[in-house]
> 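One structure, as structure tokens, below. Some questions next.
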Amino acid sequence: MFRSGIIAVSMALMASAAGAQAPEGPVSSDEVIVKAIRPAQMRNFVRQLAEPGKQDQMSRWDGRVCAGVIGVQTRAAQALIDQVTMRALSLGLGAGRPGCRANVLIIVTPDAATFTPAFVNQNKQFFSLSEGNGNALGRDAATAFAASSQPVRWWHVSQTVTDHGQVLGQSDATVGGDGDFSNAQVARVTNAGRLRAGTRQEFNRVIVIVDSTAISGKPFPA
């Protein structure tokens with residue numbers, strides 16, 4: 001039944017794609033043209049947005065979203081914060097109160113090509129480029145992020161939590177001379193099994209860098 005269901009859904013999606021894409025120019029009666037995004041393109045796009053961790057799981061928000069904006073006037077910054085907040089609320093997430101610690105940081109700069117490499121190099125822990133500070137795509141991806149010419153670029157950091165929301169990796173464990181651990185973190189997992197993982201990936205922070213020169217002339221809401 002499961003395989004049959006997958007086949008049925010796949011055929012329905014193919015039919016929807018075919019119906020949604022109108023052919024350009026005259027088409028003969030025995031020719032069918034389907035224009036759609038390739039699966040590899042979709043996977044790559046989703047990966048860019050939602051797969052910052054080293055674990056084989058997609059990350060998600062599971063708490064409050066608090067946006068912070070640097071580099072624009074107060075009125076414009078508040079408009080950006082309000083838009084992020086409204087989008088979070090529309091998805092059923094919580095929104096941080098005024099003065100909350102930002103976990104979505106938007107930085108606007110007129111010269112992102114110069115700013116970004118220096119910012120990443122000076123804030124390696126913030127980008128999770130050191131051990132024990134969250135999950136991210138790693139140094140090679142950070143190098144590509146810093147060298148990107150995109151008008152808007154983003155970097156995600158996730159963290160591993162248990163099914164009860166306990167953050168893993170926050171421990172002051174030490175090893176004594178006899179090999180015994182002390183102050184080790186204790187985590188209890190109740191739902192581990194073959195059908196469900198006992199841990200999940202949650203977004204911890206997102207850094208978005210906007211090149212104001214590159215987006216010059218674009219409408220602000222965009």
Side-chain angles (χ1 to χ4, degrees), residues 44-55 58-91 93-161 167 169-170 201-222:
N44 184 53
F45 179 73
V46 172
R47 178 180 179 277
Q48 291 181 40
L49 291 177
E51 191 184 337
K54 303 169 187 175
Q55 313 299 322
M58 292 183 65
S59 301
R60 69 180 190 184
W61 289 105
D62 196 38
R64 295 188 179 275
V65 172
C66 176
V69 180
I70 299 174
V72 295
Q73 295 181 357
T74 302
R75 184 177 179 182
Q78 190 60 57
L80 281 174
I81 291 171
D82 290 346
Q83 182 151 330
V84 173
T85 300
M86 288 188 293
R87 182 60 55 86
L89 292 173
S90 72
L91 296 173
L93 297 172
R97 296 178 178 275
C100 59
R101 184 177 180 179
N103 54 16
V104 177
L105 178 61
I106 303 171
I107 303 172
V108 183
T109 172
D111 186 6
T114 301
F115 168 82
T116 307
F119 184 67
V120 173
N121 186 57
Q122 294 170 9
N123 297 276
K124 292 180 180 179
Q125 280 197 322
F126 192 51
F127 283 83
S128 191
L129 299 179
S130 57
E131 293 297 326
N133 192 38
N135 301 320
L137 288 176
R139 294 183 181 276
D140 290 344
T143 300
F145 170 85
S148 172
S149 60
Q150 293 294 324
V152 180
R153 67 190 89 182
W154 54 84
W155 183 265
H156 293 78
V157 177
S158 66
Q159 59 191 8
T160 305
V161 303
V167 179
Q170 297 181 346
Q201 297 298 303
E202 287 185 2
F203 287 123
N204 179 269
R205 54 191 177 274
V206 178
I207 303 99
V208 182
I209 298 179
V210 181
D211 191 317
S212 59
T213 302
I215 64 171
S216 179
K218 302 294 188 297
F220 182 79

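For this chain, numbers begin at 1 and follow the sequence in order.
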> Listing request: all side chain to side chain donor-acceptor pair (under 3.5 Å) pairs with a residue in residues 209-222, at least two apart in sequence or in separate chains.
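Listed once each, the pairs would be none.
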> Show which side-chain atoms of residues 136-147 pair as donor or acceptor with protein atoms under 3.5 Å away, not counting sequence neighbours.
from, atom 1, to, atom 2, distance (Å)
R139, NH2, L129, O, 2.7
T143, OG1, R139, O, 3.0

> Can you tell which of F127, W155, F126 makes a side chain to side chain contact (heavy atoms under 4.5 Å, CB included) with R205?
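It is F126, the one option of F127, W155, F126 that forms the side chain to side chain contact (heavy atoms under 4.5 Å, CB included) with R205.
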> Starting at CG of N204, measure out to NE2 of H156 and round the result to the nearest 0.5 Å.
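N204 CG to H156 NE2: 12.0 Å, rounded to 0.5 Å.
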> Closest heavy-atom contact between I215 and P151?
CG2-CB, 3.6 Å
> Considering only distance and modelled atom types, tabulate donor-acceptor pairs under 3.5 Å from the side chains of residues 98-120, sequence neighbours left out.
from, atom 1, to, atom 2, distance (Å)
N103, OD1, C66, N, 2.8
N103, ND2, R64, O, 2.9
T109, OG1, D111, N, 3.3
D111, OD1, T114, N, 3.4
D111, OD1, T114, OG1, 3.4
D111, OD2, T114, OG1, 2.7
T116, OG1, A112, O, 2.7

> Calculate, to the nearest 0.5 Å, the distance between atoms CG and CZ belonging to L93 and F203 respectively.
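Rounded to the nearest 0.5 Å, the CG-CZ separation comes to 10.5 Å.
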> In a table with atom names and distances, give each donor-acceptor pair under 3.5 Å that connects a side chain of residues 72-87 to protein atoms at least two apart or in another chain.
from, atom 1, to, atom 2, distance (Å)
Q78, NE2, D82, OD1, 2.8
T85, OG1, I81, O, 2.8

> For Q150, check side-chain hydrogen bond (donor to acceptor under 3.5 Å, both in side chains) against everything at least two apart and list the hits.
none
